[in-house]
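Below is one structure, written out as structure tokens; the observations come after it.
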Amino acid sequence: MAVSMRIPARDCWGGAGQPCLADRCLSFSHATCCKDIPAECTFGILESIYLPPHAVSIPRTEVPMEAIIGVQVRRKEVTAPRSISEEFSSGDARSRDNDESPAQQSATGQHGRDAKPNKDKDDREKDEEIIKVYDGNSSLRRRLFRVTSVSRQATSEQVLAAALQAVHITRDLSNFYLTDLYTNEESPLCDPTPVLNLTRKEGKRPAVFLRFKDVEKSEVRVYPGKLQVSDAFCMVPVTESTTVADLITEAITRFRLENNNSENYRCSEILLDRGAVTERVLEPDEKPLEIVKLLAKESIRQMELMRFYLQLKQDPHGPNLALFVGNLPPNLSERNYENLLMEFLGRENRFSKIGPIYYEYGSMVIIYEDASVAVRALYALRESKYEDKHLLVMLLPSIEPSMVPSGVQPLLVFVNVKSGGCQGLDLISNFRKLLNPYQVFDLDNGGPLPGLYVFRHIANYKILVCGGDGTVGWVLQCLDNVGQDSECSSPACAIVPLGTGNDLARVLRWGSGYTGDEDPLNLLRDVIDAEEIRLDRWTVVFHPEEKQEDRQDKQALVPNNAVAASTSEDNTQIFVMNNYFGIGLDAALCLDFHNAREENPNKFNSRLHNKSVYFKMGLRKMVNRKPCKDLHREIRLEVDGKVVDLPQVEGIIILNILSWGSGANPWGPDKEDQFNKPNHWDGLLEVVGVTGVIHLGQIQSGLRNGVRIAQGGHIKIHMNSDIPVQVDGEPWLQCPGDVVVLRSALKATMLKKSKVKRRNTEPSILSANGEAGKSTND
């Protein structure tokens, strides 16, 4: 059975005048199957969640990508295939020309992918010759080359085919020829024995120059930049007399554009050079074929990666540029935020208007109409500090929702690189290779807000959260804050579990924790196949008791009848609970663990270590004084307005989902009793009691269940003393008062992984370590 797979290249470009290299795919197929591979990549199985590059606009500036999507240079190295931009980068010491002999260069791994050290190789392949391939004048100046191994009896056509393969050129052989690097003449290699006739220099391998033929006519591809057309590109014939103006006119016709006035369009030359995308707007009288041939002399690879882009002269996304600014003080007024920013910016960099302000997070968006002023403001703010902390500033991309095809639900990916064992570093790298990098956001840079702002106008999209339960709650909380300003108020959320407990991920079948062995492509396929499901959410309100001294102060200030009507609303705390709420023993252990992690965060970098620490803390609770003893006497429980008699317990767990403490089910399996069968969308909570540390450990080990106490939709608890509490794993010591748990008006739509197990019949695009996988049907 033939297997073929087309893989989007790593360097997917987006933005105004910045193309996607999705058509530059790596092809893995049997030779006889090549004809069945489409000429252009349509993103295959990822098409339904892929954010189309032409729908993304970024400013036509020199701002690097890390300032747009928050890519940070991190110390952890991720093994991955070298990208297009890296293949001829100035730092590629592996392929530099030097004075070592061919044998020495081969033994030292001069070229990691092409020269594999093998002592027996020379004995088996004495008829082979290793040749250096330079793809143009630029690679010669920079002393960068590729190597290929050919038979000494190979024909010139065979050597040419090997050279093209070495530099990943897929065009027709007839467009190219080879010359001997070490001769003064630019004459093509000739049969019958071109390899044996190559000039040898002492201590150096034979070397060839790859050249593009001086043709009088050819065809060039023209790509639609942000244009509403169905074609990925069009082929336009050009001759030595064809001008850019002619190219524009012909491309308009071939794209069948309604607005066919060539005066409204321009053509740009887009290049990827050393990882940077550059754009040059072409003059109408320039000659496209001449541009191609001049570029080919410098670098065949650069010629292959160059794109002609047809664009509207006016950006269809509009002139507004958005800067996200974080690390500001929280909960200031709009006027105070404006004054603070103007201190950093100065009048010359003043913004056009203020976008949404996220008061609780100390973040906001400011809008510019002038790209040059926006860039100046970006760098000015990045150098600014508030209370000795640098401001976080990103230039946000813009998405035009009308350019997202119907049937496509772009996937907004959030990765918490600090969750669990810091495995997010691998995931964010791999997801940015598989998807449009502008749809993958690092939560270490501004949290979920930048990504949610970018996607605010998309009416139908999905979210993938890579992190623990706390990260999922964080994203849902931010969705609550921005939902009223967004087209999609409740996008469905999937999970890649990177945390320690991952209880919500377990309930939704996403697993107990990401190990690093999972294929990132399969993770995305699971998201595509997942079913939407509702998740109840609950509001937890804490009303602390009014202290005696506070009451006396009020009596001195106001009449007695006013005191009777007063409340302690100023001290009321409100939380949203997705998973569970604990009081007593469970929360006390959670609080001890939280404090230990806050003191030494670097030690808590693996699930196994985290669980071992939690276990040790439980043992200490057994031998030390029991802080939650007689909890049943310190609290009063009401469920749906009825007081519930409590058994002798040291802890109470109120469950929304039937997973707690890394996968345990305190409620237990179904049985015949007075309670309904629970789930996480029935509007009911389950109240379970824990009698002690040993009982708690038995529940976590699956040996026992908790004590079923009650089930209901409105819960009120009065606490007589200071008691540890926790909401979704966030613990603290709560003072006496009332706690009310009621169903929230906030909604959450989650994605539940399908039960169907997929048989891996396709080659992996990128495994967890970034290397291409192998087909099981080879």
Side-chain angles (χ1 to χ4, degrees), residues 416 419-420 463 465-480 490 492-513 533-542 574-587 589-591 593-594 607 610-611 614 651-668 678-690 696 699-700 705-706 711-713 715 717 724-732 739-744 746-753:
N416 190 342
S419 287
I463 291 177
V465 182
C466 304
D469 287 343
T471 305
V472 177
W474 184 19
V475 171
L476 293 178
Q477 182 183 20
C478 288
L479 271 172
D480 298 336
S490 185
C493 299
I495 305 171
V496 174
L498 301 183
T500 301
N502 303 314
D503 287 295
L504 183 56
R506 295 170 193 263
V507 168
L508 299 176
R509 299 198 193 114
W510 295 106
S512 58
I533 196 166
R534 190 175 71 252
L535 175 70
D536 286 341
R537 303 177 73 199
W538 301 84
T539 301
V540 186
V541 185
F542 292 89
I574 301 176
F575 299 85
V576 176
M577 183 261 284
N578 302 310
N579 297 355
Y580 36 70
F581 166 48
I583 299 179
L585 180 60
D586 161 53
L589 280 170
C590 189
L591 182 60
F593 177 84
H594 173 80
R607 294 190 190 95
N610 295 352
K611 290 179 180 179
Y614 200 88
I652 285 180
I653 306 169
I654 299 174
L655 299 165
N656 181 42
I657 63 174
L658 295 183
S659 181
W660 162 91
S662 300
N665 180 4
W667 186 256
N679 57 53
H680 49 269
W681 63 88
D682 58 5
L684 297 176
L685 293 169
E686 286 66 50
V687 184
V688 179
V690 179
L696 196 71
I699 293 174
Q700 287 186 313
N705 303 323
Q711 190 178 49
I715 295 174
I717 300 172
V725 299
Q726 63 101 345
V727 177
D728 285 346
E730 296 295 327
W732 68 93
V739 184
V740 178
V741 186
L742 64 159
R743 195 171 181 186
S744 174
L746 302 171
K747 301 182 183 298
T749 305
M750 307 302 294
L751 286 169
K752 190 171 186 178
K753 184 178 176 181

Any Pro678 side-chain heavy atom under 4.5 Å of Leu655 side chain:
no
Which heavy atom of Cys590 sits nearest a heavy atom of Gly729, and at what distance?
SG-O, 3.4 Å
Report the C-alpha distance between Leu508 and Leu535 in whole Å, list the side-chain angles of each, state the deciding distance to 0.1 Å, and finish with yes or no for side chain to side chain contact (heavy atoms under 4.5 Å, CB included).
CA-CA 10 Å; Leu508 299 176; Leu535 175 70; over 6 Å; no
Trp538 and Ile715: CA distance, side-chain angles, deciding distance, side chain to side chain contact (heavy atoms under 4.5 Å, CB included) verdict:
CA-CA 11 Å; Trp538 301 84; Ile715 295 174; over 6 Å; no
From Asn579 CG over to Arg537 CZ, what is the distance, rounded to the nearest 0.5 angstrom?
10.5 Å
Would Ile654 and Val540 satisfy side chain to side chain contact (heavy atoms under 4.5 Å, CB included), going step by step from the backbone distance to the final call?
CA-CA 11 Å; Ile654 299 174; Val540 186; over 6 Å; no
Indicate the atoms forming the closest heavy-atom contact of Pro731 with Ala587, along with that distance.
CB-O, 4.1 Å
Side chains of Val576 and Gln477: does their closest heavy-atom pair fall under 4.5 Å?
no
Whether the side chain of Asp469 engages the backbone of Gly499 through a donor-acceptor N/O pair (distance < 3.5 Å, no angle test) should be reported.
no
Could you tell me whether the side chain of Asp503 reaches within less than 4.5 Å of the side chain of Tyr580, counting heavy atoms only?
yes
For Trp510, check side chain to side chain donor-acceptor pair (under 3.5 Å) against everything at least two apart and list the hits.
none
Closest approach of Ile699 and Ala664, non-hydrogen atoms and distance?
O-CB, 3.4 Å
Determine, step by step, whether Val687 and Ile652 satisfy the side chain to side chain contact (heavy atoms under 4.5 Å, CB included) criterion, reporting the C-alpha distance in whole Å, the side-chain angles of both residues, the deciding distance to 0.1 Å, and the verdict.
CA-CA 7 Å; Val687 184; Ile652 285 180; 3.8 Å; yes
Check: Asn705 and Trp667 side chains under 4.5 Å, non-hydrogen atoms:
no
Which heavy atom of Leu498 sits nearest to which heavy atom of Asn416, and what is that distance?
CD1-O, 3.8 Å
Minimum heavy-atom separation for Gly501 to Arg506, with atom names?
O-NE, 2.9 Å
Hits for side chain to side chain donor-acceptor pair (under 3.5 Å) against Arg534, two or more places apart or cross-chain, chain-then-number order -> none
For Thr471 and Cys466, the nearest pair of non-hydrogen atoms, with its separation, is CG2-O, 4.4 Å
What distance separates Ser744 OG from Met577 CE, expressed to the nearest 0.5 Å?
10.5 Å
To the nearest 0.5 Å, what is the distance between NZ (Lys752) and CD1 (Ile533)?
4.5 Å
Of the options Val688, Ile653, Leu591, Val690, which is the one that meets Asp586 in a side chain to side chain contact (heavy atoms under 4.5 Å, CB included)?
Ile653
Distance in Å, Ser490 OG paired with Lys747 NZ, rounded so as to fall on 0.5 Å steps:
8.5 Å
Measuring from atom CE of Met750 to atom CG of Asn578, what distance do you get when rounded to the nearest 0.5 angstrom?
8.0 Å
I'd like to check the side chain to side chain donor-acceptor pair (under 3.5 Å) partners of Asn665; sequence neighbours left out, ordered by chain and number.
none
Heavy-atom check, side chain of Phe581 versus side chain of Val739, under 4.5 Å:
yes
Looking at CG of Asn502 and CD1 of Ile495, how far apart are the two atoms once the value is rounded to the nearest 0.5 Å?
8.5 Å
